Novice: 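Sending over a structure as structure tokens; questions will come in a sec.
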Amino acid sequence: MTDRLTITVTVNGARHERAVESRLLLSDFLRHDLGLTGTHVGCEHGVCGACTVLLDGEAVRSCLVFAVQTDGHAVETVESLATDGVLDPLQTAFHDAHGLQCGFCTPGILMTLVPWLRHHPAPNEVDIREAISGNLCRCTGYANIVKAVELAVSRLADGRTGGPAGARS
Amino acid sequence: MKPGRYMGQSVPRLEDAKLLTGRALFVDDVQLPGMLHAAFLRSDDAHGILRSIDASAARERAGVVAVYTAQDLGDYWRPGPLLVPPPPITGLVFNAATQVPLARDKVRHGGEALAMVVAESRYIAEDALEDIVVELEPLAAVTDLEAALRPGASLVHEQFGTNLAAHVHQSKGDYAGARAAAALVVARRFRYDRGASAAIENRGIVAEWDARAEQLTVWDTTQAPIPIRNGLAAMLGLGESQVRVIAPFIGGGFGPKIMMFYPEEVLLPWAAMRLGRPLKWIEDRRENFYATTQERLQIHDAELAVAQDGRILGVKDTFLHDTGAYDPYGLTVPINSQCTLLGPYVVPNYDSEFTAVFTNTPIVTPVRGAGRQHGVFVMERLLDFAARELGIDRVEIRRRNLIPPDAFPYDHEILFQDFRPLVYDSGNYPAALHKAVEMIGYEAFIRSEQPRLRRAGRRAGIGVVSYIEGTGIGPYEGARVTVEPSGLVRVATGVGTQGQGHFTTFAQLVAEQLGVEVDRVRVVTGDTREFHWGTGTFASRGAVVAGNACHAAALKVRDKIIALAARLLEAEPGQVVVEGGSACVRGAPDRSFTLGELARRANPLRGAVTPGTEPGLEATAYFGPDRGNAASGVHAMIVEVDPDTAAVEIKRYVVVHDCGVVINPVVVEAQVQGGVAHGIGNAFYEQLIFDDNGQLMNASFMDYLLPTALDVPTVEMAHLETPSPLNPLGTKGVGEAGAIPTGALFAQAVEDALSGTGVEITEIPLSPNRLFELITQAKGAAA
Amino acid sequence: MKPPAFEYFRPASVLEALDLLAARPGAKPLAGGQSLIPAMNFRLAAPEALVDLNGIAALSGITRLPDGGLRLGAMTRHHAVETSPLVAAHAPLLAETMPFVAHPQIRNRGTVGGSLAHADPAAELPAVMLALEAVLVLTSRTGERRLPAAGFFTGLFATALAPGELLTAIELPARAAATGSAFIEQARRHGDYALVGVAATVTLAGSGECDAARVTLFSVGEGPVLAERVAVALEGLRPDAGVVEAAAHAVQGDIDPPSDIHAGAAYRRQLARVLTGRALERAFQRARAHQSNPEQ
Amino acid sequence: MIVEGTYTFPGPREVVFRLLLDPDVLAKTMPGATSIARVNEDRYEGKMGVGIGPITAAEFDVVITMTEKVVPESYQMQIDGRGRFGFTRGKASVRLTADGESTVMHYEADMMVGGKIAAVGQRLLDSVSRMMLKQGLEAMSAELDRRLGKEPA
């Protein structure tokens, strides 16, 4: 069965029309067909959260969505966060708080947090930990991830954005 | 090495921007035109005789390019190298059996690779796996370490006539004499099981053969690209310079991504050369539970002989070590257990022997901590039991036995995993213990908090444990530092990097010496075209061995800068100051050259140079320590246990650690925090559960439980710095430290919370279910 | 871990979906896919065709019924339930449960109907629906039938859904006066399948006795279990500590839990007793509060 | 995995014994069995498809070998099933004792499950095996009723 369907999907604001096999996972579509390799694949059974992307603005695991299901929808990946090489406030906070080590799980964590912070502008530590409880990290022990989110939250509250890493890319 | 502009500073990481924006290249991100994809058929059975593999249907499937079985490999089929030969210990027995690329006559563990399918996509390759028919005659599986050694046991490797993989005996002093003189001997059986490395990035290989250039390029999730390059060249009949191995960004290593010469690592390059097309294999999570090495069970029968005042007179330990189906990594793990048991304590008499056992389970090699956990657990638990029986406080019995700060170098009189004597270089153990006890508020907890909670019906407990970690072992690493005409400084070193921050810490070391801004230093690691001497990242050695090599190379370049600047500026070398990206004459800032200008002048295109002059501002240096150094630490924790549900909550976790001179505190603290998380996983969440038939019962992230953000507390940390005299920077390793004493700590704290119930903990990992069983058993025994 | 091939359909209406399913006996409906797709990635599931319900707008949404109850479209996503003010006000037990269903990313995609039709014995929602006496609306080409949750769950991953039938909505009855509820589960990690979980709703008589109790458990059998003995041990009695404890003990007669690597049957029994007691305590506390302040 | 228990069949021992070894009955009563043939006196071969919930019924090739048969008291079974999702194999021993008009079956099986189903599906193994056993025994009992004329086919 080589069931190929043509889909039109908006990824990071750009429309893409592609013929895909119905079984193609969204994670593979993004990484292989579109070359957006910032979305990482860690378990392909929906536990590790590394492949988290936004589907119509909500965080989902791209290994548990078929690419064909995104026909007519909008997807955002980690590549959408920085603008012209300038890190967004959350990325900047991760840099400043040493919130990543190997960085493999990081895109998934960022994409989980981006919409969540919109709905939770003043979270406490437990809230933050719950929000990322579906993202496994083997390097950091999570402490600096939590600190990074707290830092981003406090800066956003102060109306400050950007940071020292923003100038470099 | 004293703190400086960069040395000892929490410089934010230089590698972050790429990682945060999704632009860092990981192996699975490599996309090449015409690339094919491989998938492996793996054995369902743990042990059996392979009768036949029929891949004809798979070969006919549309999109399949090739299927290889052991038969198809011809002369290329051969067992992998013995990576670590046994150390020269008298009377040592070692039966070497290394893994094979594809099982040929026999399957020795579940998940062992049987065939490789190459197809136009991974999807098709996996379709084709289902077409292959395997005929296998099952054999009884060997999983129980004691049963494996009994006569008549099924044999993993028939040629040895036994499942014994190794036997090693090391001792110092006279344990029997010590035992006879002891006021108390505590003896127990301990089980310490460990799990998977479970890096979030699975392993992966991409191989590309350029037939016209006769160049093989391999992207590999390895911690040790140089040994892989050299080994692959030898296997494939190529010159070492014809092979380039790149370990790009790696999504966590933790040990098993070392130079294993895994079947996939050996087969992908071979097949890419035969097929003339690039080839990719990315391990999936299920495969990772079989195809990537693990750590596992040791069973210790140990006893501690102490005087009435709690002083250690001697320790005797006899243990079994599960080495899995093959033992390519030699004895590193059990020797670490054997040596690390001694900890920071004066143990005048020690008698330790172990037997490594082949079983029908995946291969055991070092995972973060590498057997050290097992040793620490045994010693710390024995001290806890002795303290209880002697009526001595748990912290006090430790204090009485610590090696004093003036006793270094301290010789334990046995051999370590680096084949060198186990001699501690430096440390201040009483200070660390004191600090940890103070930070956690041990006295106040014991005296008032714990009783107060107990009166309210709550069970809280505290633990305090110490450990030593032998780190920074040889043989050597190297680095090349180059000042480019642009003024950028390039550093190349051979070790792979998996998130430790090498791009930043190595840059700090070089920036410190060359007086440039740290972000003007670009570090390249793990690409054999850039640097091809060295071994790899393991045994908490990156910052120590490669770090000192970077430092040494930077010093050489600094000397070149000074010499050249002195000549051009007509000043005495002693008058030249290197700072702010320039070299100038002291007191005359206008008499200066930028480093870029000096680099240009050091590479003249016309004219003549003084004979013997080396071009450029570049130097390569190597560093090899005499032996490993001793990092150390104390961990303390408060837990609360719900005796009705056996749920455990960590209330506080304190670490005082000493990894010598710290290059970047924030990086070091993060390494410790991450290690503690791994240790908590080991203590309470993670266990590879094999049934009697060698079937792994939890080969997924649904059932193999990595701790989440809700399970790992933020560790409260303090640094102590006793510089190592074994290297110029004075650094010690820290990569594994956090993970080592956590099991022992968990056991002590949970047992303390349950004090009075009769629960005694002699095993790790625990789980709520296991705790419930222990509580129930203790109730039954009391009734 | 790549899924096997299948034919894909995305109908725009329930009728179209039913036609597609009827025409292809090997087809499966695809709701949130958060259990089905992992099974496919493991190649444990290989449906010949998937009929994707995500394009059927009519299947989503939460509305208030004239009798005060709630109607949840089967394709309403967990996240929508979790954040619904209607659910918070009129089905607090369901609202309390939602954060325990897997992780945020799963809840953004997973659907209520999908969870119920999947009927995993360790899943939260079947037990909660059973406790709430939900009515499940099943639609086929011949019409609609309505089944109480108690009749819907028939065994291990088994439901009363007939071939060609779709679960299209779930209706929750209005909350009675003086009613309190509680949800408790113990899992290895937050978001994992529970080792044992308990959902309880209790109603008090004016005089303070327990008028009705409905306690359900999950992860202790082939499907959600209604603890009838627990209810019997409570009804007509003042729910003091002794009564609650005795009722919690009675749960042992209601369950026959399985063993797995994370929890043996004995441990599950212990958890069932302890968690039942805790859930009841909390539910009675809330019932008393509801009794004194019906707006609560 | 050890599975043991007793089950009471409402019929005489000889009839129960014959029933238990009848390939047509096995085909009807073994959960998921699609075919079972007796290839010789003591060897049965067949196909089973076991599908639980989301798990698509995968075909298992099943071989059952009877040994130590003592009519009408006891026998041993060697069971070997293999399929794409893994395998199951093991030994079962069955003993029948008469109890008035009824027959009590004592069974004890030591079954091993391997491959993907064990590695990924451990959470459900206990429940699934219990369910299959229950279904099998109940179907067998119904078949016995039918044979004894207690119930229409």
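What you see is a predicted model, and the numbers here were worked out from it, not measured in a lab.
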Novice: Report which part of A/L25 has an atom under 4.5 Å of a heavy atom belonging to chain B: side chain, backbone, both, or neither.
Specialist: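 A/L25 touches chain B through backbone and side-chain heavy atoms alike.
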
Novice: State the SG-CD1 distance between A/C102 and B/I200, to the nearest 0.5 angstrom.
Specialist: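 Reported value, rounded in 0.5 Å steps: 7.5 Å.
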
Novice: Quick check: does any side chain N or O of A/R138 sit under 3.5 Å from a backbone N or O of B/H678, one acting as donor and the other as acceptor?
Specialist: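 Checking the backbone N and O of B/H678 against the side chain of A/R138, no donor-acceptor pair under 3.5 Å is found.
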
Novice: Could you look at B/V667 and say if it's the side chain, the backbone, both or neither that has a heavy atom under 4.5 Å from chain A?
Specialist: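 When you check distances to chain A, atoms from both the backbone and side chain of B/V667 fall under 4.5 Å.
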
Novice: Tell me the ring-ring contact (aromatic ring centres under 6.0 Å, His included) pairs involving residues 28-60 of chain A, sequence neighbours left out?
Specialist: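 Qualifying pairs, neighbours excluded: A/H40-A/F104, A/H40-B/F26, A/H45-C/F42.
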
Novice: So how far is it from A/C139 SG to B/E201 CD, rounded to the nearest 0.5 Å?
Specialist: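 Here the interatomic distance stands at 10.0 Å.
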
Novice: In terms of heavy-atom proximity below 4.5 Å to chain A, should B/I250 be classed as side chain, backbone, both, or neither?
Specialist: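 B/I250 touches chain A through backbone heavy atoms alone.
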
Novice: Is it the backbone or the side chain of B/N202 that comes under 4.5 Å from a heavy atom of chain A, or both, or neither?
Specialist: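 The side chain, not the backbone.
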
Novice: Quick one, B/Q673 and A/T140 - any side-chain contact, counting heavy atoms below 4.5 Å?
Specialist: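 No - every pair of side-chain heavy atoms lies 4.5 Å or more apart.
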
Novice: Using non-hydrogen atoms only, which part of B/V666 is less than 4.5 Å away from chain A: side chain, backbone, both, or neither?
Specialist: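 Contact with chain A: backbone and side chain both.
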
Novice: Is a side-chain donor or acceptor of B/R23 paired with a backbone partner of A/G38 at a separation under 3.5 angstrom?
Specialist: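 Side chain of B/R23 to backbone of A/G38, a donor-acceptor pair under 3.5 Å: no, none is there.
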
Novice: Based on non-hydrogen pairs under 4.5 Å, which of B/A199, B/G501, B/A677, B/A198 is most in contact with chain A?
Specialist: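 Maximum pair count with chain A is reached by B/A198.
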
Novice: Chain A heavy atoms under 4.5 Å from B/P707: which part of the residue, side chain, backbone, both or neither?
Specialist: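 Looking at B/P707, backbone and side chain both touch chain A.
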
Novice: Considering only heavy atoms and a distance below 4.5 Å, find which of B/D29, B/T714, B/V712, B/L19 pairs most often with chain A.
Specialist: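 The answer is B/D29.
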
Novice: Most heavy-atom pairs under 4.5 angstrom with chain A, which of B/G251, B/G681, B/G253?
Specialist: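 Most pairs with chain A among the choices: B/G251.
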
Novice: B/R285 side chain to A/G42 main-chain N or O, any donor-acceptor pair under 3.5 Å?
Specialist: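 Indeed, once roles are kept as given, a pair shorter than 3.5 Å links the two residues.
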
Novice: Checking B/Q671 against chain A: side chain, backbone, both or neither under 4.5 Å from a heavy atom?
Specialist: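 Both parts, backbone and side chain.
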
Novice: Calculate, to the nearest 0.5 Å, the distance between atoms CE and SG belonging to B/M702 and A/C43 respectively.
Specialist: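 Answer for the CE-SG pair, B/M702 versus A/C43, is 9.0 Å.
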
Novice: Might you point out which heavy atoms bring B/R13 and A/H98 nearest each other, and give the distance in Å?
Specialist: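 Shortest heavy-atom separation between B/R13 and A/H98 comes out as CD-CE1, 3.4 Å.
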
Novice: Check step by step if side-chain contact (heavy atoms from CB on, under 4.5 Å) holds for A/T37 and B/D28.
Specialist: CA-CA 8 Å; A/T37 54; B/D28 193 18; over 6 Å; no

Novice: Measuring heavy-atom distances to chain A, does B/R368 have an atom under 4.5 Å in its side chain, in its backbone, in both, or in neither?
Specialist: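 Contact with chain A is through the side chain of B/R368 alone.
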
Novice: If you count heavy-atom pairs within less than 4.5 Å of chain B, which of A/L100, A/V47, A/L81 leads?
Specialist: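 Of the options given, most contacts go to A/L100.
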
Novice: Strictly below 4.0 Å, N to O, side chains only: are A/R23 and B/D127 in salt-bridge contact?
Specialist: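 Salt bridge present between A/R23 and B/D127.
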
Novice: Please classify the contact of A/Q91 with chain B as side chain, backbone, both or neither, using a heavy-atom distance under 4.5 Å.
Specialist: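 Both the backbone and the side chain of A/Q91 come within 4.5 Å of chain B.
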
Novice: Using a cut-off of under 4.5 Å on heavy-atom pairs, state which of B/S700, B/G252, B/G674 scores highest against chain A.
Specialist: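 Of B/S700, B/G252, B/G674, B/G674 has the most heavy-atom pairs under 4.5 Å with chain A.
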
Novice: Heavy-atom distance under 4.5 Å to chain A: side chain of B/A670, backbone, both or neither?
Specialist: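 For B/A670, heavy atoms of backbone and side chain both lie under 4.5 Å from chain A.
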
Novice: Just by distance, do the side chain of A/E44 and the backbone of B/D284 share a donor-acceptor pair under 3.5 Å?
Specialist: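 No; zero donor-acceptor contacts below 3.5 Å.
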
Novice: How about B/R122 and A/D28: do any of their side-chain heavy atoms sit closer than 4.5 Å?
Specialist: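 No, every pair of side-chain atoms sits at 4.5 Å or beyond.
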
Novice: Chain B heavy atoms under 4.5 Å from A/L24: which part of the residue, side chain, backbone, both or neither?
Specialist: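 Backbone plus side chain of A/L24, per the 4.5 Å heavy-atom cut-off to chain B.
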
Novice: What residues of residues 128-137 of chain A sit under 4.5 Å from chain B when only non-hydrogen atoms are counted?
Specialist: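 The stretch touches chain B at A/R129, A/E130, A/I132, A/S133, A/L136, A/C137.
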
Novice: Could you tell me which portion of B/S121 (side chain, backbone, both or neither) has an atom closer than 4.5 angstrom to a non-hydrogen atom of chain A?
Specialist: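 Interface part for B/S121: neither.
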
Novice: Considering non-hydrogen atoms only, spot the tightest contact between A/A82 and B/T21 and give its length.
Specialist: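 A/A82 and B/T21 have their closest heavy atoms at CB-CG2, 3.7 Å.
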
